[in-house]
Amino acid sequence: MLSDSEAKELLSFLRRDMRADIKGQATEYILGLTGNREGCHYLRTKPDFLKALVTLTADPSIAIVKDCYHALVNLSADETLHKPLVKEAVILPTMFHNLLDPEYMFADRVSTILTNLSRHEATCREVFQALQEQEISLAKIVEIFCTEGFNKKASLHYLGPLLSNLTQLPEARQFILDKERCVIQRLLPYTQYEASVTRRGGVVGTLRNCCFDYAHHEWLLSDAVDILPFLLLPLAGPEELSEEENEGLPVDLQYLPEDKTREEDPDIRKMLIETLLLLTATKKGRQIMKEKNVYPIMREFHKWEKDLQVISACEKLVQVLIGDEPEPGMENLMEVNIPEGVEQKFKDLDAKEQEEIEKEKQELLKEEAEKHLNTNPEVLER
């Protein structure tokens, strides 16, 4: 890495009033450092370089600004740099100011940085606090996210994962679930947003986090929100159900066309199922989901699904849907106190299940590879 004198000289090149060609070479060098863990960890000890990168995001040269943002995206992907970026480089006010500008061409980089910085709870809280200190409400972020074409130079898809990260916090969930604001209703259509898997996944993650607050389950499943069709439609396929089964489903899920496709991303499918499973935590939630005939959709989904992790999640949901009701006093599955020994046993079983899934996955991959070699003998001759 750089000696102290070399670092001092390089830092002198990272000033707004420095010649553009020299600045450009300096930012290019810093960008190179951020491409590997060693370089990132070196910059973690040099807060002045981090501050300079943030400052130069306002440089007149687009090439320099682009390099600075690329470097900041790389740095923010490293959890050990979150605190230096937030506390020492004071990155958040600049990022939020630029995000709110509908003409800002690097708004996608900004939303990626904010998403990276909010992944873990400690800095997520800092991001949420900065939102309030900058007098930018979460309402404004949701408004920007839901306004198609707010910024014609940026897609802002990464605001979806940002919202998902922020809803780790009870305060953020409280806002999203505020019955007077109709925020969650604005987000629901994005569970089927075909143009971006990032936006879809972010919204589904947000809904899943919100469903940890079981006090809102009955409201979420009621006609006021009607969350169920938005969670089930991405999981439903073209399979023909009986007339009786169709009639019991929510209207949007009845008699689906032959060309109906399912969510293509297995991680999103798993999150959708986990959200449905959370909604079965209360007796009322289970009752509504049984009345709305969720089981036939999941039955057909289970036949179709190939991803082992998703299959495992689906089976847990099906067990709740077709199983007997818990005994009195244990109706709310989120309030049940599990003895420490039993809880550890469940954790061990879960770990064992994950091991078996991984083993099965490796065996399937091996079978596929052998099949490929058998059907392509020329590969062996090379």
Side-chain angles (χ1 to χ4, degrees), residues 1-18 20 22-59 61-99 104 106-134 136 158-159 161-166 168-169 172 198 202:
M1 284 299 147
L2 300 171
S3 67
D4 288 347
S5 59
E6 287 171 333
K8 190 175 179 182
E9 185 181 19
L10 180 61
L11 186 62
S12 71
F13 299 152
L14 296 168
R15 297 197 323 263
R16 289 283 300 274
D17 58 355
M18 182 56 67
I22 295 174
K23 254 189 305 192
Q25 288 176 6
T27 54
E28 201 174 318
Y29 180 80
I30 296 288
L31 175 57
L33 286 178
T34 67
N36 60 74
R37 186 175 292 274
E38 189 186 356
C40 286
H41 287 188
Y42 170 75
L43 290 170
R44 186 177 64 197
T45 66
K46 301 289 180 185
D48 287 342
F49 281 105
L50 303 179
K51 289 175 191 171
L53 286 173
V54 174
T55 301
L56 289 177
T57 59
D59 196 83
S61 165
I62 289 175
I64 288 171
V65 174
K66 190 175 181 180
D67 279 352
C68 289
Y69 270 118
H70 194 165
L72 289 168
V73 168
N74 290 348
L75 291 165
S76 65
D78 186 328
E79 186 190 350
T80 65
L81 273 134
H82 288 183
K83 194 172 179 181
L85 284 167
V86 171
K87 293 290 192 184
E88 296 170 68
V90 197
I91 192 174
L92 294 174
T94 301
M95 295 299 104
F96 281 124
H97 173 78
N98 292 337
L99 181 65
Y104 197 64
F106 293 102
D108 278 335
R109 299 286 175 92
V110 170
S111 54
T112 302
I113 291 164
L114 290 170
T115 296
N116 285 345
L117 290 174
S118 59
R119 273 206 316 265
H120 303 281
E121 190 176 345
T123 40
C124 181
R125 199 165 288 285
E126 299 277 357
V127 172
F128 189 70
Q129 192 177 332
L131 261 177
Q132 296 166 313
E133 287 171 359
Q134 297 297 308
I136 308 161
Y158 270 90
L159 289 184
L162 174 61
L163 287 171
S164 178
N165 291 348
L166 289 172
Q168 293 177 75
L169 308 175
T198 302

Does Leu53 reach the side chain of Leu14, with side-chain heavy atoms less than 4.5 Å apart?
no
Residues, nucleotides or ligands: over 12 heavy atoms within 6.0 Å of Glu6 CD:
yes
Neighbour count above 12 (heavy atom, 6.0 Å) for Glu28 CD
no
Before giving the answer on side chain to side chain contact (heavy atoms under 4.5 Å, CB included), spell out for Tyr158 and Val110 the whole-Å C-alpha distance, their side-chain angles and the decisive distance to 0.1 Å.
CA-CA 9 Å; Tyr158 270 90; Val110 170; over 6 Å; no
Note, Asn98 side chain near Phe106 side chain (heavy atom, < 4.5 Å)
no
Which heavy atom in Ile113 sits nearest to a heavy atom in Val73, and how many Å separate them?
CG1-CG2, 3.7 Å
Heavy-atom side-chain proximity of Glu88 to Leu50 below 4.5 angstrom:
no
Spatial distance of atom CG (Leu92) from atom CD1 (Ile136) [nearest 0.5 Å]
10.0 Å
Give me the atom names and distance for the closest heavy-atom approach of Thr27 to Gly24.
OG1-O, 3.0 Å
Take the angle between the ring planes of Phe49 and Tyr42 and call it parallel below 30°, perpendicular above 60°, tilted in between.
tilted
Over all heavy atoms of both residues, which pair between Asn74 and Leu31 is shortest? Give the atoms and the distance, please.
ND2-CD1, 4.0 Å
If I compare all heavy atoms of Ser118 with all of Val127, which pair ends up nearest, and what's the gap?
CB-CG2, 4.2 Å
So which atom in Pro161 and which in Thr115 form the shortest heavy-atom distance, rounded to 0.1 Å?
CB-CG2, 3.5 Å
For Asp67 and Tyr29, test the side chains for any donor-to-acceptor distance below 3.5 angstrom and give the result as yes or no.
no
In Å and rounded to the nearest 0.5 Å, what is the CG to OG1 distance from Leu72 to Thr34?
8.5 Å
Test item: Arg125 side-chain N/O and Ala122 main-chain N/O as donor-acceptor pair under 3.5 Å
no
To the nearest 0.5 Å, tell me how far Leu162 CG sits from Ser164 OG.
9.5 Å
Pair Lys46 + Asp48: basic N to acidic O under 4.0 Å
no
About how many Å separate SG of Cys68 and CG of Leu56, when rounded to the nearest 0.5 Å?
4.5 Å
Quick one: does Phe96's side chain get under 4.5 Å of Leu114's, heavy atoms only?
yes
Quick one: CD on Gln134 to OG1 on Thr94, what's the gap to the nearest 0.5 Å?
8.5 Å
Looking at CD1 of Ile22 and CG of Leu10, how far apart are the two atoms once the value is rounded to the nearest 0.5 Å?
11.5 Å
Any Lys/Arg nitrogen of Lys87 or Glu126 sitting under 4.0 Å from an Asp/Glu carboxylate oxygen of the other?
yes
Working for side chain to side chain contact (heavy atoms under 4.5 Å, CB included), residues Arg15 and Thr55
CA-CA 8 Å; Arg15 297 197 323 263; Thr55 301; over 6 Å; no
Intermediate values then yes/no, side-chain hydrogen bond (donor to acceptor under 3.5 Å, both in side chains), His120 and Asn165:
CA-CA 8 Å; His120 303 281; Asn165 291 348; over 6 Å; no
Any donor-acceptor N/O pair, Arg119 side chain to Glu79 backbone, under 3.5 Å:
no
Decide yes or no for Leu85 and Ser76: does some side-chain heavy atom of the first lie under 4.5 Å from some side-chain heavy atom of the second?
yes
On a heavy-atom basis, the closest approach of Phe13 and Met18 is O-CG, 3.5 Å
Close side-chain approach of Leu33 and Cys40, heavy atoms under 4.5 Å
no
